Amino acid sequence: MTDGDVLGAESPLRWRDLVARGNRGGEALPAIVPSLDPDDIVLRGRFRMEMLRSGLSLHATDAVDLRDMTTTAAAGAGLTVALFLRGEVDISLGERRYALSAARKPVLFLLSRTEEDRFQRRAMRGNWVRKITLGLPPDWLDGDGGDGSPVCAAAAGEGGLRRFCRTHGASLTLRPTPRQVALAERLTGPVACPPMLESLYLESHALEIVAEALGMVDMPAAHPLSSRDRARLRIACEYLESRDPDDDAPLRLEEVARHAGMSVSTLHRLFRAGHGMSVFEYERARRMERARTALECDGVSVTEAAYLAGYASPANFATAFKRRFGRCPREARATRIALPPAAGRS
């Protein structure tokens with residue numbers, strides 16, 4: 001991969017650059033509405049497009065769309081595994097349209113293509129998207145992951161994964177695991193390893209996300225939540241979201257459980273079943289996301305961000321932040337993405 005394949009957080013991406021990257025990745029030239037000049041800037045932020053040695057394609061984006069536009073291209077057979085961390089997504093495959101939102105929480109999206117079809121993406125000016133898209137080639141779906149190991153059809157037998165991979169336009173919207181989210185965060189940020197290990201770093205993260213995603217297709221939850229449990233879990237989450245950010249009083253599980261009309265033990269069970277983590281882990285992740293947003297969007301100091309995340313020690317906060325997002329708070333603050341000016345302004 002060349003230096004031009006990765007953009008820094010303040011870097012502009014021109015239309016000619018986007019087309020050139022698609023060409024190197026073996027993709028057909030996209031059509032675009034409205035038509036653009038080659039030097040028109042379409043994105044500002046971090047953008048990576050790479051073919052990995054395993055045959056996977058990796059697109060990682062942490063950028064703001066600077067124009068309302070629709071791109072159309074031919075998409076060949078394969079399987080897409082996308083994890084959206086932030087922003088709104090509006091795409092189509094043929095006549096099927098998929099609208100996704102990661103405004104409140106990350107979304108994992110799988111899309112199967114058994115034949116070539118028309119793919120469209122509708123970009124919205126000012127939409128800040130942080131996501132990774134992993135493309136699996138058809139031979140993976142036939143049971144060969146590039147090294148002779150079965151990946152999809154052979155591994156799944158006659159189960160749900162095999163049926164999913166053989167159904168054109170089949171899609172699934174799932175809740176990603178905390179581990180998948182952490183890996184995706186690292187893929188959208190700067191690579192934290194020596195250059196000679198960069199390809200291995202990217203591939204190992206991508207393969208782990210894909211393996212876990214495919215397992216989720218064929219292994220539905222053993223104890224799915226009832227509609228009543230989902231409602232109670234939603235109320236509990238809304239209560240946590242409504243807490244005053246400046247309230248540094250310890251979180252009391254009894255209060256959360258009472259507000260949602262359940263016992264503390266039921267609260268624990270529902271958070272594990274619905275979010276794959278404890279209440280305290282969920283609260284820490286929520287506060288860490290708020291601190292990251294404050295660093296990136298508001299440019300607060302690391303000390304202020306540590307306070308927002310509930311850490312008394314900025315050093316401890318920095319360690320936890322890097323473990324979760326793959327970069328330190330100062331790097332996040334230094335690579336703020338500039339939002340486009342309001343319509344009518346220069």
Side-chain angles (χ1 to χ4, degrees), residues 83-87 100-110 130 160 172-186 208-209 211-213 215-295 304-313 316-326:
L83 205 163
F84 300 97
L85 299 164
R86 178 188 182 119
L100 306 168
S101 174
R104 293 182 60 85
K105 56 188 176 182
V107 173
L108 180 65
F109 179 70
L110 281 72
R130 179 184 288 120
L172 279 175
T173 302
L174 304 167
R175 180 182 295 117
T177 66
R179 175 62 178 168
Q180 287 174 316
V181 171
L183 292 169
E185 292 282 6
R186 295 174 188 172
E208 188 171 347
I209 292 173
E212 195 164 353
M216 295 164 73
V217 177
D218 215 39
M219 298 174 61
H223 302 287
L225 295 178
S226 66
S227 57
R228 178 170 178 262
D229 283 344
R230 287 196 298 271
R232 292 194 292 178
L233 181 60
R234 184 178 64 254
I235 292 171
C237 291
E238 290 172 351
Y239 177 77
L240 293 174
E241 293 287 344
S242 69
R243 295 186 74 215
D244 186 349
D246 295 324
D247 184 2
D248 56 1
L251 178 65
R252 290 174 50 84
L253 294 184
E254 294 82 1
E255 292 181 6
V256 182
R258 182 169 58 252
H259 185 84
M262 59 180 135
S263 66
V264 172
S265 61
T266 300
L267 180 71
H268 279 300
R269 177 178 64 82
L270 295 188
F271 265 82
R272 283 293 181 189
H275 294 293
M277 62 181 77
S278 70
V279 183
F280 289 109
E281 289 169 335
Y282 179 90
E283 176 68 0
R284 281 196 297 270
R286 188 182 70 84
R287 297 192 68 163
M288 190 68 82
E289 288 288 346
R290 186 171 67 221
R292 196 264 293 279
T293 299
L295 286 165
E304 291 174 305
Y307 173 77
L308 289 173
Y311 284 82
S313 166
N316 291 343
F317 164 70
T319 299
F321 189 96
K322 187 168 185 178
R323 184 183 303 118
R324 178 172 180 81
F325 300 119

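Just so you know, residue 1 is the first one in the sequence shown, and it goes up from there. As the structure is a computational prediction, the values presented were derived from the model and not from experiment.
- Taking each heavy atom of A213 and L108 in turn, the nearest pair found is CB-CD2, 4.1 Å.
- Between E208 atom CD and T177 atom OG1 the span is 8.0 Å, to the nearest 0.5 Å.
- R104 pairs by the salt bridge (Lys or Arg N to Asp or Glu O under 4.0 Å) definition with nothing, not counting sequence neighbours.
- Of the possible polar contacts, none joining the R290 side chain to the A309 backbone as a donor-acceptor pair under 3.5 Å is found.
- The CE atom of M216 sits 4.5 Å away from the CG atom of L174 when rounded to the nearest 0.5 Å.
- Taking the six-membered ring for Trp and thresholds of 30 and 60 degrees, F109 and F84 have ring planes inclined between 30 and 60 degrees apart.
- Atom-to-atom distance recorded for M288:CE and Y311:OH is 4.0 Å, nearest 0.5 angstrom.
- Between T266 atom OG1 and L233 atom CG the span is 12.0 Å, to the nearest 0.5 Å.
- Residue pairs meeting the salt bridge (charged side-chain N to carboxylate O under 4.0 Å, His left out) criterion with at least one partner in residues 268-278, sequence neighbours excluded, are D229-R269, R272-E281.
- Contact record, A236 with M262: CB-CE, 4.2 Å, taken as the closest heavy-atom pair.
- The shortest non-hydrogen separation linking L83 to V181 is CD1-N, 4.2 Å.
- Separating the CZ atom in R243 from the CD atom in E283 is a distance of 5.5 Å, to the nearest 0.5 Å.
- The two residues R287 and Y307 make their nearest non-hydrogen contact at NH2-O, 3.5 Å.
- The pair R286-E289 does not meet the salt-bridge criterion, since no charged nitrogen lies less than 4.0 angstrom from a carboxylate oxygen.
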